[in-house]
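Keep in mind that what you see is a predicted model, and the values were worked out from it rather than measured.
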Amino acid sequence: MKGRPVPVITWDQAINWSGVKNMHENEIIDWLPPNINNGENVYALIVNGLSMSPKFESGDYIYVDPDIQDIELKTGDLVVVNLEENND
C-alpha cells in the first residue's frame with residue numbers, strides 16, 4: 001500500500017499538534033497502515049468512552065487529517081473538535 005505509516009498519538013498530543021515531522025519516535029504510541037487518502041500530517045487517535053458511539057466505540061482507532069480546511073467539509077463528514085475551556 002502506498003503512503004507512509006500513520007502515527008497513533010494521545011489526545012493531549014493532538015491538542016498541540018505540530019506535525020508528524022516534529023514528533024519524536026518515543027512519543028508515538030503505535031503505527032497504523034497508510035490510508036490511500038492520507039495527507040502529509042495525518043495521525044490517528046484511540047477513541048475513549050462512548051461519546052462517538054454508535055459510529056465509533058471505545059478502543060477504535062480513527063484517522064485525523066488536520067490539513068483539511070473547513071471549506072472542504074460537507075454534510076456527513078466527521079470532525080474532531082477541541083473544546084478549549086476544558087481540553088476535551
Side-chain angles (χ1 to χ4, degrees):
M1 182 177 284
K2 289 184 176 185
R4 67 164 177 76
V6 175
V8 179
I9 63 172
T10 68
W11 287 85
D12 287 336
Q13 289 170 308
I15 290 169
N16 299 307
W17 184 246
S18 60
V20 173
K21 296 174 183 139
N22 296 323
M23 301 264 333
H24 296 283
E25 192 73 29
N26 62 349
E27 295 178 294
I28 296 168
I29 298 170
D30 202 356
W31 293 92
L32 295 180
N35 178 312
I36 196 159
N37 297 320
N38 281 0
E40 184 176 316
N41 289 302
V42 166
Y43 58 87
L45 297 170
I46 302 171
V47 174
N48 296 318
L50 301 174
S51 66
M52 298 174 79
S53 122
K55 185 75 175 173
F56 302 105
E57 300 295 329
S58 190
D60 286 352
Y61 291 90
I62 57 172
Y63 287 81
V64 179
D65 188 345
D67 296 328
I68 293 177
Q69 303 297 311
D70 350 357
I71 60 170
E72 298 176 69
L73 295 173
K74 57 190 176 308
T75 301
D77 284 348
L78 302 172
V79 298
V80 175
V81 176
N82 175 29
L83 301 174
E84 291 180 5
E85 61 273 1
N86 60 4
N87 275 344
D88 278 346

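- In this structure, the side chain of Gln69 engages the main chain of Asp67 through a donor-acceptor pair within 3.5 Å.
- Among residues two or more places apart in sequence or in another chain, the side-chain contact (heavy atoms from CB on, under 4.5 Å) test is passed with Asp77 by Leu73, Lys74.
- Shortest non-hydrogen contact noted between Ile29 and Ile9 is CD1-C, 3.7 Å.
- Gly49 approaches Ser58 most closely through the heavy-atom pair N-OG, 3.2 Å.
- Residues Leu45 and Leu50 are members of separate hydrophobic clusters, defined by side-chain heavy-atom contacts under 4.5 angstrom among Ile, Leu, Val, Met, Phe, Trp and Tyr.
- The two residues Val6 and Pro33 have their closest heavy-atom pair at CG2-O, 3.9 Å.
- Under the 3.5 Å distance criterion, the side-chain polar atoms of Trp11 are left unmatched by any main-chain donor or acceptor of Val47.
- Taking all atoms of both residues into account, the shortest heavy-atom contact from Ile28 to Asp30 is CG2-O, 3.0 Å.
- Scanning both residues, Ala44 and Leu32, for their nearest heavy atoms gives CB-CD1, 3.5 Å.
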Step-by-step side chain to side chain contact (heavy atoms under 4.5 Å, CB included) determination, Phe56 to Leu78: CA-CA 11 Å; Phe56 302 105; Leu78 302 172; 3.5 Å; yes

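- Proximity of Thr10 to Glu27: side-chain heavy atoms (C-beta onward) are nowhere separated by under 4.5 Å.
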